[in-house]
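What's counted below: heavy atoms across the whole structure, side chains too, no hydrogens, waters or symmetry copies. Throughout, residue positions are numbered sequentially from 1 according to the sequence presented.
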Amino acid sequence: MKNIFTLSLLLLAVMAVSCSGMRKFDRVETTSVERYSIVYKDNKCGLYDSKADSLVTAIKYDALRYGRTASEGGYEFTIWVGEMENYEGMISIESTTNEPMEIMFPRQQ
C-alpha cells in the first residue's frame, strides 16, 4: 500500500511539472502557412511552429503578417513582415532549423 501511495505522489508530481511548462496564449491565429501560427500574449505577438511545438520568435511584435516563401541555395525560408514599436521589417525563418533572422528599420513618418 505504501508503494502505491508513493507511486501516486510521484505520478502527480510529474504531471504537475509537465503541465507547468505548457504555454498559454491569449489568442492563436492560423495563417495560410499551415506550419506556423501567430500567437498573442499581452497585446504582443510572435510566431509558433505547430510542427515543432515551439515558439520560433519571442512574443514581442505589435503585428505580424505572412509575406511569402522563398528558396535560395538549397534552403527554404518563410518570410514575415513585422511591426514593433517604431520599427518595421522582415523576419525570415529557415524551414529546416527554424532559425529566425530579423531585419528591422525605423518607420518613416
Among all residues two or more places apart in sequence or in another chain, which pass the side chain to side chain contact (heavy atoms under 4.5 Å, CB included) test with [X]?
| X | result |
| --- | --- |
| Asp26 | Lys41, Asp42 |
| Ala63 | Glu83 |
| Thr97 | Glu94, Glu99 |
| Tyr40 | Arg27, Glu29, Ile38, Cys45 |

Do [X] and [Y] share a hydrophobic cluster (ILVMFWY, side-chain heavy atoms under 4.5 Å, transitive)?
| X | Y | value |
| --- | --- | --- |
| Leu47 | Met104 | yes |
| Val28 | Leu55 | yes |
| Met84 | Ile59 | no |
| Phe25 | Trp80 | no |

Can you tell me how far [atom2] of [Y] sits from [atom1] of [X], rounded to the nearest 0.5 angstrom?
| X | Y | atom1 | atom2 | value |
| --- | --- | --- | --- | --- |
| Tyr48 | Ser37 | OH | OG | 8.5 Å |
| Ile93 | Glu76 | CD1 | CD | 12.5 Å |
| Met90 | Phe105 | CE | CZ | 8.0 Å |
| Asp49 | Thr57 | CG | OG1 | 11.0 Å |
| Thr69 | Arg35 | OG1 | CZ | 10.5 Å |

Task: Side chain Ser92, main chain Met101, donor-acceptor under 3.5 Å - done: no

- [ ] Might you work through the side chain to side chain contact (heavy atoms under 4.5 Å, CB included) test for Val81 and Leu64, ending with a clear yes or no?
- [x] CA-CA 6 Å; Val81 177; Leu64 284 168; over 6 Å; no

Task: Contacts of Glu102 that satisfy side chain to side chain donor-acceptor pair (under 3.5 Å) - sequence neighbours left out - done: Lys60, Tyr61

Open item on the list: Please enumerate all residues that pass side chain to side chain donor-acceptor pair (under 3.5 Å) together with Thr31, with sequence neighbours excluded.
Closed with: none

Task: Minimal non-hydrogen separation, Asp62 against Lys44, with atom names - done: OD1-NZ, 2.5 Å

Task: Residue pair Asn98 / Tyr36, side-chain donor-acceptor N/O under 3.5 Å - done: yes

